[in-house]
> 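Let me give you the structure first, and then I'll get to my questions.
Below, all heavy atoms of this structure are taken into account, side chains as well, without hydrogens, waters or symmetry copies. Since we're looking at a predicted model, the values are computed, not measured.
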Amino acid sequence: MGSGKAGRTIFIPVDNTDGSELALDWVISNLYRSGDELHFFHVVPNPQAKLLGGGMGLADVGEFMVAPPDPKDDRQQIRKAEDFIQQRFVAKAESHKIPHQIEITHFNTNKDSIAEIICIRAQDLQTPAVVMAKHNQGSIKEFFMGSVSKYCTHHCKQPVIVLH
């Protein structure tokens with residue numbers, strides 16, 4: 001806890017899933033105490049260029065072109081994140097009169113990089129706990145793609161609570 005703050009900052013990485021909402025419910029019931037602040041954190045992908053092809057079949061390399069990312073797509077993604085965070089998380093925090101902050105950040109969005117930025121932000125905030133939901137994605141998919149919660153439990157310097 002940093003000096004000058006009355007309570008703790010509880011870090012909750014969120015996405016638009018029931019698991020993330022259950023993590024918030026668990027925090028409210030089991031971890032939150034008066035004076036604490038909740039920090040909702042969500043990652044949106046960096047805008048990506050699009051590869052455009054010239055035909056229905058296999059095209060020669062020369063028939064492809066790269067279109068720059070559309071800023072409208074990025075703004076739409078951010079608005080979508082703001083909407084679900086407001087509906088699923090902020091409304092619940094406000095109904096319990098719990099102070100909160102929202103942070104939406106751009107980052108490369110493979111599983112390890114999302115988990116890496118979660119660990120970095122948790123350390124920056126000196127949070128007493130990172131509380132997150134495990135997403136049951138199946139053992140094959142987890143083996144090949146990895147798991148954000150698994151990465152965080154092995155690499156975060158702050159304590160990590162994973163709800164199943």
Side-chain angles (χ1 to χ4, degrees), residues 2 5 7-28 31-32 36-53 64-138 141-142 144-153 155-163:
K5 285 185 95 174
R8 306 168 300 169
T9 299
I10 301 169
F11 190 68
I12 308 171
V14 297
D15 58 12
N16 196 10
T17 63
D18 293 342
S20 287
E21 198 168 344
L22 290 173
L24 173 59
D25 292 339
W26 187 89
V27 166
I28 292 169
L31 190 60
Y32 172 79
D36 289 349
E37 178 180 79
L38 305 182
H39 190 98
F40 301 119
F41 183 77
H42 180 71
V43 178
V44 295
N46 278 327
Q48 300 289 314
K50 294 178 183 153
L51 185 63
L52 305 173
F64 286 97
M65 63 182 269
V66 176
D70 185 347
K72 284 187 257 174
D73 292 342
D74 187 44
R75 286 191 299 273
Q76 182 180 10
Q77 262 194 317
I78 291 170
R79 267 195 306 279
K80 187 175 170 184
E82 290 169 340
D83 289 346
F84 86 74
I85 291 169
Q86 178 65 41
Q87 292 171 3
R88 293 188 96 146
F89 305 101
V90 171
K92 192 170 286 191
E94 289 178 349
S95 74
H96 290 279
K97 298 183 179 7
I98 299 174
H100 57 276
Q101 287 194 18
I102 299 167
E103 181 178 356
I104 299 172
T105 189
H106 281 99
F107 208 71
N108 295 326
T109 56
N110 66 53
K111 296 288 184 188
D112 286 348
S113 65
I114 292 172
E116 182 180 0
I117 194 66
I118 288 170
C119 294
I120 290 167
R121 288 300 294 138
Q123 186 174 1
D124 289 348
L125 293 168
Q126 290 299 296
T127 184
V130 176
V131 182
M132 60 194 326
K134 179 174 178 20
H135 294 84
N136 295 321
Q137 59 186 356
K141 187 174 179 185
E142 185 171 321
F144 286 106
M145 295 186 66
S147 161
V148 172
S149 59
K150 183 177 180 180
Y151 182 99
C152 288
T153 58
H155 295 92
C156 281
K157 293 185 181 355
Q158 311 310 115
V160 177
I161 299 168
V162 180
L163 303 170

> Indicate yes or no for a side-chain donor-acceptor contact from Gln158 to the backbone of Thr127 under 3.5 Å, with no hydrogens or angles considered.
yes
> What pairs with Cys119 under disulfide bond (SG atoms under 2.5 Å apart), at least two apart in sequence or on another chain?
Cys156
> Do the non-hydrogen side-chain atoms of Trp26 and Ile161 ever get within less than 4.5 Å of each other?
yes
> If we only count heavy atoms from C-beta on, is the Val160 to Met132 side-chain gap below 4.5 Å?
yes
> Of all heavy-atom pairs between Thr105 and Phe41, which one has the smallest distance, and what is that distance?
CG2-CZ, 3.4 Å
> If you measure from CD on Gln123 to CD1 on Ile118, what distance do you get to the nearest 0.5 Å?
14.0 Å
> Please name the pair of heavy atoms, one in Val148 and one in Ala115, separated by the smallest distance, quoted to 0.1 Å.
O-CB, 3.7 Å
> Restricting to non-hydrogen atoms, name the atom on Glu21 and the atom on Lys92 that form the minimum distance, rounded to 0.1 Å.
OE2-NZ, 3.3 Å
> I want to check something: taking the side chain as every heavy atom from C-beta on, are Leu22 and Leu163 in contact at a cut-off of under 4.5 Å?
no
> For His42 together with Phe84, are the ring centres under 6.0 Å from each other?
yes
> For Glu103, does the CD atom sit with more than 12 other heavy atoms under 6.0 Å from it, leaving out its own atoms?
yes
> With Lys72, which residues qualify under side chain to side chain contact (heavy atoms under 4.5 Å, CB included), at least two apart?
Asp70, Arg75
> Quick one, Val90 with Ile85, criterion side chain to side chain contact (heavy atoms under 4.5 Å, CB included). Give me CA distance, side-chain angles, the key distance, then yes/no.
CA-CA 6 Å; Val90 171; Ile85 291 169; 4.1 Å; yes
> What is the minimum heavy-atom distance between Pro13 and Ser20, and which atoms define it?
O-OG, 4.1 Å
> Taking the side chain as everything from C-beta on, heavy atoms only, tell me whether Lys134 gets closer than 4.5 Å to Lys150.
no
> Please name the pair of heavy atoms, one in Ala93 and one in Leu38, separated by the smallest distance, quoted to 0.1 Å.
CB-CD1, 4.4 Å
> I need the His100 NE2 to Glu37 CD distance, nearest 0.5 Å.
8.5 Å
> Does a side-chain heavy-atom distance below 4.5 Å link Ile114 with Tyr151?
no
> Starting at CG of Asp74, measure out to NE2 of His106 and round the result to the nearest 0.5 Å.
3.5 Å
> For the pair Gln77 and Asp73, evaluate side chain to side chain contact (heavy atoms under 4.5 Å, CB included) and give the outcome as yes or no after the intermediate values.
CA-CA 6 Å; Gln77 262 194 317; Asp73 292 342; over 6 Å; no
> Using side chain to side chain contact (heavy atoms under 4.5 Å, CB included), reason through Gln86 and Glu94 one step at a time and then give a plain yes or no.
CA-CA 10 Å; Gln86 178 65 41; Glu94 289 178 349; 4.3 Å; yes
> Is there a side-chain contact between Arg88 and Asp18 in this structure, where contact means two heavy atoms from C-beta onward sitting under 4.5 Å apart?
yes
> Would you mind reporting whether Phe89 and Ile102 have side-chain heavy atoms less than 4.5 Å apart?
no
> If you define the side chain from C-beta out and look only at heavy atoms, does anything of Leu31 sit under 4.5 Å from Arg8?
yes
> Look up atom CD1 in Ile12 and atom NE2 in His39, then write down how far apart they are to the nearest 0.5 Å.
10.0 Å
> After noting the C-alpha distance and the side-chain angles of Asp124 and Arg121, does the key distance pass the salt bridge (charged side-chain N to carboxylate O under 4.0 Å, His left out) rule?
CA-CA 5 Å; Asp124 289 348; Arg121 288 300 294 138; 3.4 Å; yes
> How far does CG of Leu125 sit from OG1 of Thr9, to the nearest 0.5 angstrom?
6.0 Å
